[in-house]
Number of protein chains: 2
Amino acid sequence: MEFKLSFKVNDHIYLRDPESSELGMLMVKNAIELIHNIGFEQFTFKKLALEMNTTEATIYRYFENKHRMLLYILNWYWSYMEYLVIYRIQNLKDSKSKLKTIIEILTNDLPESNGKLEYNRAYLTQIVIAESSKVYLVKDIKEINKEEVFKPYKDLCAKIASIIKEYNPKYKYGHSLSTTIIEASHQQQYFAKHLPRLTDIKNKNEREYTALFLEELLFKVLS
Amino acid sequence: MEFKLSFKVNDHIYLRDPESSELGMLMVKNAIELIHNIGFEQFTFKKLALEMNTTEATIYRYFENKHRMLLYILNWYWSYMEYLVIYRIQNLKDSKSKLKTIIEILTNDLPESNGKLEYNRAYLTQIVIAESSKVYLVKDIKEINKEEVFKPYKDLCAKIASIIKEYNPKYKYGHSLSTTIIEASHQQQYFAKHLPRLTDIKNKNEREYTALFLEELLFKVLS
DNA sequence: TATTAATAATAGTAATACTATTATTATTTT
DNA sequence: AAAATAATAATAGTATTACTATTATTAATA
């Protein structure tokens, strides 16, 4: 039996499911590369269309705008993250090693998946680090949130919070601690690379550094 | 003697110092209101010009683009924050109450200043919460950072790190903990307000909630 | 008083973020 | 196999954004 890694993303996010066609899948794959290369602000549907030899209008039939496309990509990422957490934790007995595994997952590239969608995992990770906050730091967050499009993030947060509770049932801020860990894992990697004086990094790589910082923080907070 | 609250912002940020004229000051004041009202993405120099009965071209003689304007506003904020930390801490003896004061400063509106610049402090706080990460999460961070335009943030971070060191000389991640606290203070307030399921907020207000979460976190990490 | 500097008014451009229309091709239904 | 439906490509067009340039007018300074 082959396991198919395919996450159903809330269909409010797209106009037409990009997984429903070759073109749609190619679109997301190319978008990840292009956003990684030029950044979300410079990214346009026109440039994406040019890159993949199609037209702007065609892309607009899949996604309402580029914000929705980024949201789609992040939903995929968050869903995958939650799956990874569940999968890699299932055989672990003590909650301490579960939490360690979570930190590890949060500070490494996505592992190879065997589903049909083969995105560039290193690029995807970079996009999450540099662009993810832009999907919720928007003026119309209220209306967007009504469509349940942040459910995968909330689910991931709840999952991590449940393991935090398992480790220390008395701790009252499991969800906030989860989001703080998640966001800090991106931030610290970004700062370590681009604004190192906002961190204490010496010569290690950003991931290893971030993992050490977060692990110590997490266990001290929960002690 | 009257104390004048005026922070010299790195002059790479502007083309012409907005503090050097009435119009310049009005520009920043109006920008803060407009960014607060419509969000940074929707904010344009055209709209700002319309708002204050001047022209786009005039604003462009002060700032290269809207990103620089936001950077200017945040530099002002970070400098003010550092000043506030130093000022409110000077008479405190033990480093524990110093850290508590820092959390308090980070989770409250800016206090009334007696300088000539009277920005809307509540709006400014909201801008920092919702828009600040957009100044460094940009593709050209490398070149921008060369101009030293993030110095006030780094200084604030270093200042807080020094007090962390004072409290616990053995702790190795003072700078990362500072930025984590600063960024989390914005994030958690934002989440508590707009995406509450990413937090554990019940019925308190977002600030009080965030302060409690951060204070507990900080002292546990440093114990 | 002359010079310089700042602003207002106006115009213009390339790029962005879309929408609309039609022809062509592929897929599905009858 | 023909007819109907759906997806795409090609093309065109619009309002807005993010600027730059020019000139006339007003204010400040030498």
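Lettering follows sequence order; numbering is per chain, from 1.
An OP1 or OP2 oxygen of C:dT7 is reached within less than 4.0 angstrom by a side-chain nitrogen or oxygen of B:Y62. Contact annotation: B:K47 side-chain N/O to D:dT17 OP1/OP2 distance is under 4.0 Å. OP1 or OP2 of C:dT7 lies within a sub-4.0 Å distance of a side-chain N or O belonging to B:R16. Dashed line: the shortest gap from a side-chain N or O of B:K46 to OP1 or OP2 of D:dT16 is not under 4.0 Å.
The aromatic rings of A:W78 and A:Y153 lie parallel to each other, with less than 30° between the two planes, well short of the 60° mark. The aromatic rings of A:Y136 and B:Y190 lie tilted to each other, with the angle between the two planes from 30° to 60°. By the 30° and 60° cut-offs, the orientation of the rings of B:W76 relative to B:Y80 is tilted.
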Protein N or O to nucleotides 24-30 of chain D N or O, pairs below 3.5 Å:
none

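With ring centers used as reference points, A:Y62 lies 6.0 Å or more from A:Y14. The aromatic ring centres of B:F45 and B:F63 sit 6.0 Å or more apart. Checked against a 6.0 Å centroid threshold, the rings of A:Y72 and A:Y77 do not count as neighbours.
Of the candidate nucleotides C:dA17, D:dT8, C:dT7, D:dT8 has the atom nearest to the side chain of A:L23.
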Run the numbers on A:I160 and A:I182 for side-chain contact (heavy atoms from CB on, under 4.5 Å), then give the verdict.
CA-CA 10 Å; A:I160 298 177; A:I182 294 169; 4.0 Å; yes

Apply side-chain contact (heavy atoms from CB on, under 4.5 Å) to the pair B:K139 and A:E41, showing each step before the final yes or no.
CA-CA 8 Å; B:K139 201 66 193 176; A:E41 281 74 31; over 6 Å; no

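Rounded to whole angstrom, the span from the CG atom of B:L15 across to the C1' atom of C:dA6 amounts to 14 Å. In this structure, B:L50 atom CG and D:dA18 atom C1' are separated by 16 Å, rounded to whole Å. The nearest whole Å value for the distance from the CE atom in B:M69 to the C1' atom in D:dC19 is 15 Å. In this structure, the CE atom of A:M52 is 13 Å from the C1' atom of D:dA7, given to the nearest Å. Between A:F45 atom CZ and D:dT17 atom C1' there is a gap of 18 Å when expressed in whole angstrom units. Distance CE (B:M25) to P (C:dT7): 13 Å, rounded to an integer number of Å. Here D:dA18 presents its P atom at 13 Å from NE2 of B:H67, a figure rounded to the nearest Å. Atom C1' of nucleotide C:dA17 and atom CG of A:L48 are separated by 14 Å, given to the nearest angstrom.
Side-chain contact of B:Q187 with A:T179: a donor-acceptor pair under 3.5 Å is absent, judged by distance alone. Looking at B:T210 and B:Q189, their side chains never bring a donor and an acceptor atom within 3.5 Å of each other. A:S20 and A:R16 are linked by a side-chain donor-acceptor pair at a separation below 3.5 angstrom, with hydrogens and angles left out of the test.
Electrostatic pairing of B:K29 and B:E33 counts as a salt bridge here, judged by a charged N lying under 4.0 Å from a carboxylate O.
Taking every heavy atom of residues 131-146 of chain A and every atom of DNA chain D, no pair lies under 4.0 Å. For the segment residues 34-42 of chain A, the set of residues with a heavy atom within less than 4.0 Å of an atom of DNA chain C is empty. In the region residues 53-61 of chain B, proximity to DNA chain D at under 4.0 angstrom, judged on heavy atoms, holds for B:E56, B:A57, B:Y60.
Evaluation of the ring-ring contact (aromatic ring centres under 6.0 Å, His included) rule for B:F40 yields no partner, not counting sequence neighbours. Every residue was checked against the side chain to side chain donor-acceptor pair (under 3.5 Å) condition with A:H67, not counting sequence neighbours, and none meets it.
Within 4.0 Å of A:F63, counting heavy atoms only, lies no atom of the nucleic acid at all.
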